[in-house]
Protein chains: 2
Amino acid sequence: MTLPNRKPGAIPAATIARLPIYHRVLASFGVSGVTTIASEELAAACGVSPAKLRKDLSHLGSFGTRGVGYNVSYLTFQIARELGVTKSRGIVIVGMGNLGRALASYRAFGGRGFHIVGIFDRDHELVGNTIVCGQESFTVKPVGELPAVVSQSDVNIGVITTPAESAQEIADLMIQAGLVSILNFAPVVLNVPEQVEVRKVDLAVELQILAFHDQRSDSDENLQEQLVRAEIA
Amino acid sequence: MTLPNRKPGAIPAATIARLPIYHRVLASFGVSGVTTIASEELAAACGVSPAKLRKDLSHLGSFGTRGVGYNVSYLTFQIARELGVTKSRGIVIVGMGNLGRALASYRAFGGRGFHIVGIFDRDHELVGNTIVCGQESFTVKPVGELPAVVSQSDVNIGVITTPAESAQEIADLMIQAGLVSILNFAPVVLNVPEQVEVRKVDLAVELQILAFHDQRSDSDENLQEQLVRAEIA
DNA sequence: TAGATTGTTAATCGATTAACAATC
DNA sequence: TAGATTGTTAATCGATTAACAATC
């Protein structure tokens, strides 16, 4: 007997990665007053093909109406439910350099299902400073207080914006405190137990991928130019 | 006759996305004085399997020595060459809010193959301000000057850190000025011609993907707890 | 030669796509 | 009923993996 490759109800990783896009685009159609939308229009707004969109949504259930389309608010809610953002999830940010401060003062979190529970730094010079975010303001706490904050408040996700050298140490601290979801901005590969999910954003990685494309388009352009010149001659 | 699906020498997208990781990890082995490394150790440090690493590298050529491993500096150079970062590539950043300022003052660009050519904002209040980045400092220019800077200097990549409302407009401006590689931090899907490559970083998207994982691990944990309790009873 | 490690093969797995039956 | 659009199927495509022959 062969076991199935995936749990029956499981949703493909590639689909999960696109759900936040669908969610945001649907929400913006919602505020524009659109109540019903067809896969073709929604897909175009999300930058994917209608087939892919419908396939993705089919993994969550069948929320559309044939011949009509999808109810915008109903579908928005179903995706939010699948992602686990129907109630706001708490985050902590460790590392109050330029990037950490930029994130802590980012005002669009609330609307996407997140709220900041605490911000931390190792540097005593920074501890006690406050960062204003719209109506709210947060005070920088010493990293030593991270475990207490995580165990006493409802924290779901840890964000690391420290230099590369301290990132592993902070990750260990977060995991010890019970966090299993980490967003890492430090340019280093974290070593974590397998039940911990780490997502990584590295600006230089994104730029290098673009550099590859840019280099290719340069040579393509030269090729085109050469072809044009060849025709002229 | 059937055409091949991909150009013969073409490198898979999944491989390209991993090359920057290999490059950074190799560079750090290099500064640590390691001269030769086996796929097993390099793969572990990069968080991938040795098979995947060797397969990825095999698309670039055969740069290793059987029975020995890879020469660190030689492989580092070959990957840099493939990515197109053997010479530093110029970037412009538009939108000098918190995130834009954080990027403009990020000191690790130089070591990864990039330098800032110009920073821009629409807001007249911000124009003329300077942002310090290590030894250098940059002055915020009005967006109107973007085309001139792109055409007069050697700019390869445009970075958008504006609010969502202005992002499309700025993208159009960049494309008109001749840029074909854009890194977009605004939470909006850009509409661009197909020869333009856009990479998108959306913090809330990353967090929502983690929220999905976090939600799942919650229910898994409950399941485990329940199992433990059942055993005790 | 013996041991080590690469580069490649072939099998498996997962994601994408186009087409269309189902159904509003 | 006729037109529209979903949800699903089956085919294709691309990525991953394990195993091993090649070779240092």
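Summarising the base pairing, dC24(C) is matched to dG3(D) through a Watson-Crick or G-U wobble pair whose two defining distances lie under 3.5 Å.
Side-chain to base pairing of R66(B) with dT23(D): no donor and acceptor N or O lie closer than 3.5 Å to each other.
Going from atom CG of L42(B) over to atom C1' of dT6(C) covers 13 Å, rounded to whole Å. Going from atom CG of N71(B) over to atom P of dC24(D) covers 16 Å, rounded to whole Å. When rounded to the nearest whole Å, the span between CZ of R54(A) and P of dA22(C) equals 16 Å. Atom NZ of K55(B) and atom P of dG14(D) are 14 Å apart (whole Å). At whole-Å resolution of the value, CD in E40(B) and C1' in dA18(D) are 14 Å apart. Atom C1' of nucleotide dA15(C) and atom CG of L53(A) are separated by 15 Å, given to the nearest angstrom. To the nearest angstrom, P of dG7(D) lies 13 Å from CG of D56(A). L57(B) places its CG atom 16 Å from the P atom of dT5(C), with the value rounded to the nearest Å.
The pair R24(B)-D202(A) meets the salt-bridge criterion, with a side-chain N (NZ, NE, NH1 or NH2) lying under 4.0 Å from an Asp/Glu carboxylate O.
The closest donor-acceptor contact from the side chain of Q208(B) to the backbone of R112(A) lies under 3.5 Å.
Of all heavy-atom pairs between V198(B) and N184(B), the closest is CG1-CB, 4.2 Å. Of all heavy-atom pairs spanning F29(B) and E41(B), the tightest one is CE2-OE2, 4.0 Å.
Among dG7(D), dT6(D), dT6(C), the nucleotide with an atom closest to any side-chain atom of S62(A) is dG7(D). Among the nucleotides dT5(C), dA15(D), dG7(C), the one closest to the side chain of Y70(B) is dG7(C). Checked against dC20(C), dC24(C), dT17(C), the side chain of T65(A) finds its nearest nucleotide in dC24(C).
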Pair R54(A)-S39(A), side chain to side chain donor-acceptor pair (under 3.5 Å): steps then yes or no: CA-CA 7 Å; R54(A) 291 202 301 274; S39(A) 63; 2.9 Å; yes
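Nearer the 5' end of DNA chain C, as judged by each residue's closest nucleotide, is the contact made by A14(A), out of A14(A) and A51(A).
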